[in-house]
Amino acid sequence: MNRIHKAVVNAGVALAMGITPWTLSAAEEAEPPKPQLMGLQAEAAMEVDKREKQIQEIIDSLFSFSELGFQEFETQAYMTRLLENEGFTVEQGVSGMPSGWWASWGSGKPVIALGSDVDGIPKASQMPGVAYRQPMVDGAPGHGEGHNSGHGVTVAAALAVKEIMERDGLPGTLVIWPGIAEELVGAKSYYARDGRFKDVDAVLFTHVGRNLQTSWGGDRGTGLVSVEYQFNGVAAHGAGDPWRGKSALDAVELMNVGWNYKREHLRPLQRSHYVVVDGGDQPNVVPSKASVWYFIREITAKHILENFESLQEIAEGAAMMTGTTVERRIIGSAWPRHFNKVIAERMYHNIQAVGLPQWSEDDQKFARAVQELMQAEDLKEEGLATKLSELQAPPEKPISGGSDDIGDVSWNVPTVTLRFPSNIPGTIGHNWSSAMAMATPIAHKGAAAGAKVLAATMMDLITEPDLLEAAWTYFREEQLKDMEYVPFISADDTPAIEKNQAIMMQYKDQLKPLYYDPSKYSTYLEQLGVDYPQLKPKR
């Protein structure tokens with residue numbers, strides 16, 4: 001484009017935006033105008049603004065419950081009561097999970113399902129808003145991932161869109177559902193197996209992050225099988241007649257040795273790890289029962305199943321060597337993720353229009369103090385993000401890493417994940433440091449920005465049938481072209497709902513007095529007496 005023609009085009013853009021052409025700087029002349037939310041999109045974003053207090057209360061309340069996977073009962077009670085009061089029809093205990101629920105409002109097509117995880121992390125209890133280690137309850141669980149924030153996003157966005165749909169008589173159904181026990185990858189494959197997404201047109205998932213971003217395609221992160229092996233032997237006196245015993249613990253240890261040797265001959269993309277769940281009762285009794293719990297991760301479903309088969313053979317070999325027997329139980333599973341390109345591109349357009357929150361100096365001061373505490377390195381910028389991430393396309397080479405059972409959902413219906421900036425760059429995942437910001441203005445502002453993006457994208461899907469049709473075309477013709485989804489779980493597998501029960505019973509009485517009371521305190525920080533940002537302990 002020649003210089004004169006480019007100047008005319010820029011002048012036209014400037015006049016359309018109500019700016020005189022001669023006020024454009026050289027930098028502005030070189031950059032395209034920022035996307036804007038228009039029409040119902042803009043109205044939905046304004047409706048989210050009206051719900052900032054509600055976002056804060058949801059985030060702070062769920063943070064205070066500090067619940068682990070399959071034990072999210074306070075979270076369930078709070079969320080289902082809120083949604084019923086807003087006119088949603090709520091079903092509890094779905095797919096065999098007592099702490100689960102499924103909430104819907106509206107009728108007809110399209111059906112837009114909004115999901116987010118709700119469980120916490122063991123031993124991650126941490127006082128929010130203080131830039132030093134201070135457990136709320138020593139040894140207790142906490143939100144060291146930030147899952148307390150996601151339904152602040154989904155609820156605010158859904159209610160904003162619901163308001164417009166009711167006013168304008170727009171058809172469609174809104175669904176809000178929880179990722180129960182995501183840290184155990186324990187629920188979403190059961191939702192998929194049980195047909196929960198059969199009539200859903202699109203899933204918009206949300207997850208806490210350090211920037212406002214989304215992605216499409218696959219080859220980023222892993223899928224997995226989570227499986228527990230129990231060995232059964234014969235007890236005997238450890239000193240009197242140990243030869244009469246058959247040690248289940250020996251079998252566990254031999255299995256672990258076998259798998260650790262096997263790792264040398266696996267693809268570098270794999271990730272696998274284990275914990276010994278039961279190693280026996282006391283040293284002077286040959287353990288008649290022992291169990292070990294494995295996560296087997298890989299980039300593709302094919303390689304996950306290959307590694308799982310090898311693990312099974314090693315377990316059987318350990319049983320043969322020790323004269324014990326072995327049983328296995330699937331605890332959870334996750335297919336590798338594949339996100340929808342069409343919806344992700346539209347969502348990213350809305351991300352650009354909404355932009356990152358306006359962080360206060362206190363927010364940035366707190367973030368930098370936390371980064372210093374955690375000795376965070378290789379940061380793109382100090383403090384909280386001020387530059388948007390790019391839309392993430394599939395990497396040139398597969399990238400290994402964590403898993404999320406949203407992967408199973410993504411192979412059943414066009415799905416994307418929105419990451420919103422409610423946490424601090426440089427903190428450690430699955431660690432108390434990732435709880436430090438999660439009931440502060442950082443979490444609240446990041447979730448509000450995410451809710452605006454989500455609401456705008458929902459309006460796009462509801463009012464543009466061609467957009468949904470294109471999303472399904474990509475799903476059927478590109479994503480499923482060379483792939484058939486078959487769940488890693490069978491029809492006979494059941495959720496491991498007993499997991500974390502003992503831990504929550506141990507800490508429940510200590511956590512309950514710390515539950516957030518929004519009728520008495522404007523924020524959870526106020527209830528806890530935190531002077532945000534509190535950089536040093538009070539004397």
Side-chain angles (χ1 to χ4, degrees), residues 69 95 115-117 119 145 147 179-194 196-197 203 205 207 214-229 259 262-263 266-275 293-312 328-341 344 392-395 397-417 419 429-430 475 478-491 493 495-496 499:
S95 290
S116 200
D117 302 322
D119 58 328
E145 170 88 354
H147 286 173
I180 295 297
E182 188 277 336
E183 300 301 346
L184 309 181
V185 289
K188 299 185 188 83
S189 59
Y190 290 96
Y191 293 156
R193 184 197 68 181
D194 296 347
R196 284 280 160 183
F197 301 102
V203 168
F205 195 69
H207 196 284
T214 192
S215 62
W216 65 272
D219 287 344
R220 192 183 299 275
T222 58
L224 66 78
V225 171
S226 167
V227 57
E228 187 171 327
Y229 289 90
W259 184 255
K262 179 71 175 179
R263 289 181 209 255
L266 298 177
R267 300 196 321 159
L269 293 169
Q270 76 86 27
R271 299 287 187 272
S272 54
H273 15 266
Y274 59 84
V275 294
W293 183 6
Y294 271 82
F295 274 23
I296 299 297
R297 306 185 198 246
E298 243 284 6
I299 288 288
T300 70
K302 174 178 178 288
H303 287 102
I304 293 167
L305 292 175
E306 287 177 352
N307 289 354
F308 182 31
E309 184 178 348
S310 293
L311 183 72
Q312 178 66 26
R328 81 176 189 202
R329 182 187 181 191
I330 302 293
I331 303 298
S333 67
W335 260 62
R337 290 156 280 185
H338 190 116
F339 295 130
N340 191 271
K341 181 180 182 182
Q392 291 185 334
K397 294 183 178 179
I399 299 174
S400 191
S403 313
D404 191 320
D405 46 356
I406 191 63
D408 286 80
V409 180
S410 74
W411 291 97
N412 282 267
V413 59
T415 301
V416 296
T417 290
R419 292 189 175 268
H430 293 183
F475 179 74
E478 298 294 331
Q479 183 177 340
L480 298 183
K481 182 172 60 176
D482 300 314
M483 184 69 66
E484 179 186 3
Y485 170 77
V486 178
F488 294 149
I489 58 172
S490 72
D493 287 315
K499 290 293 184 184

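Being a predicted model, the structure only gives us computed values, none of them experimental.
Taking CG from L305 and CD1 from I296, the interatomic distance works out to 11.5 Å, rounded to the nearest 0.5 Å. Here CD of Q392 is found 11.0 Å from OG1 of T417. Values are rounded to the nearest 0.5 Å. Between atom CD1 of residue I406 and atom NE2 of residue H338 there is a gap of 13.5 Å, rounded to the nearest 0.5 Å.
Side chain of D194 to backbone of R196: no donor-acceptor contact under 3.5 angstrom is found. At distances below 3.5 Å, at least one donor-acceptor pair connects side-chain atoms of R263 with backbone N or O atoms of S272. One N or O on the side chain of D119 and one on the backbone of E182 form a donor-acceptor pair closer than 3.5 Å.
Pairing each heavy atom of R297 with each of N307, the nearest pair is O-ND2, 4.4 Å. Across all non-hydrogen atoms, the minimal contact from F475 to V413 is CZ-N, 3.6 Å. Residues P336 and S410 come closest through the heavy atom pair O-OG, 4.4 Å. Shown here for R220 and A393, the closest heavy-atom pair between the two residues is NH2-O, 2.8 Å. A pairwise comparison of heavy atoms in G217 and P394 identifies CA-CG, 3.9 Å as the closest pair. Closest heavy-atom contact between Q270 and L266: CG-CB, 3.7 Å.
Using a 4.5 Å heavy-atom cutoff, the side chains of R271 and F295 are not in contact. Between Q479 and K341 there is no side-chain heavy-atom pair separated by less than 4.5 Å. Residues Y190 and I180 form no side-chain contact, since every pair of their non-hydrogen atoms from C-beta on lies 4.5 Å or further apart. In this structure the side chain of S189 reaches within 4.5 angstrom of the side chain of S333, judged on heavy atoms. Using a 4.5 Å heavy-atom threshold, the side chains of N340 and T415 count as separate. Side-chain contact between D117 and D404: present, with at least one pair of heavy atoms (C-beta onward) separated by less than 4.5 Å. Side-chain atoms of K188 and F205, non-hydrogen and from C-beta on, do get closer than 4.5 Å to each other. Here the side chains of I299 and H303 are not in contact, with every heavy-atom distance at 4.5 Å or above.
Aromatic ring pairs are classed by plane angle as parallel below 30°, tilted from 30° to 60° and perpendicular above 60°; the pair Y294 and Y274 is tilted. A perpendicular orientation is assigned to the rings of F197 and Y191, their planes being inclined by more than 60° (bins at 30° and 60°).
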| message | side chain to side chain contact (heavy atoms under 4.5 Å, CB included) for R419 and T214? Distances and angles first, verdict last. | response | CA-CA 6 Å; R419 292 189 175 268; T214 192; over 6 Å; no
| message | side chain to side chain contact (heavy atoms under 4.5 Å, CB included) for H430 and E145? Distances and angles first, verdict last. | response | CA-CA 5 Å; H430 293 183; E145 170 88 354; 2.9 Å; yes
| task | Run the numbers on N412 and Y485 for side chain to side chain contact (heavy atoms under 4.5 Å, CB included), then give the verdict. | result | CA-CA 8 Å; N412 282 267; Y485 170 77; 3.5 Å; yes
| request: Go through E298 and T300 one step at a time and tell me if the side chain to side chain donor-acceptor pair (under 3.5 Å) criterion holds. | output: CA-CA 6 Å; E298 243 284 6; T300 70; 4.9 Å; no
| field | Intermediate values then yes/no, side chain to side chain contact (heavy atoms under 4.5 Å, CB included), I304 and L224 | value | CA-CA 6 Å; I304 293 167; L224 66 78; 5.6 Å; no
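The side-chain tip of K499 points at the ring of W293 from less than 6.0 angstrom away and within 45° of straight on.
Side-chain contact check for T222 and S400: no donor-acceptor pair (N or O, by modelled atom type) lies under 3.5 Å.
Partners of K302 according to the salt bridge (charged side-chain N to carboxylate O under 4.0 Å, His left out) rule, which considers only residues two or more places apart in sequence or in another chain, are E306.
A salt bridge between D493 and R329 is absent, with no side-chain N of the basic residue lying under 4.0 Å from a carboxylate O of the acidic one. Taking 4.0 Å as the cut-off between side-chain N and carboxylate O, R328 and E228 do not count as a salt-bridged pair. A salt bridge does not link R337 with D408: every distance from a Lys NZ or Arg NE/NH1/NH2 to an Asp or Glu carboxylate oxygen is 4.0 Å or more.
Taking the six-membered ring for Trp and the full ring otherwise, F488 and W335 have centroids separated by under 6.0 Å.
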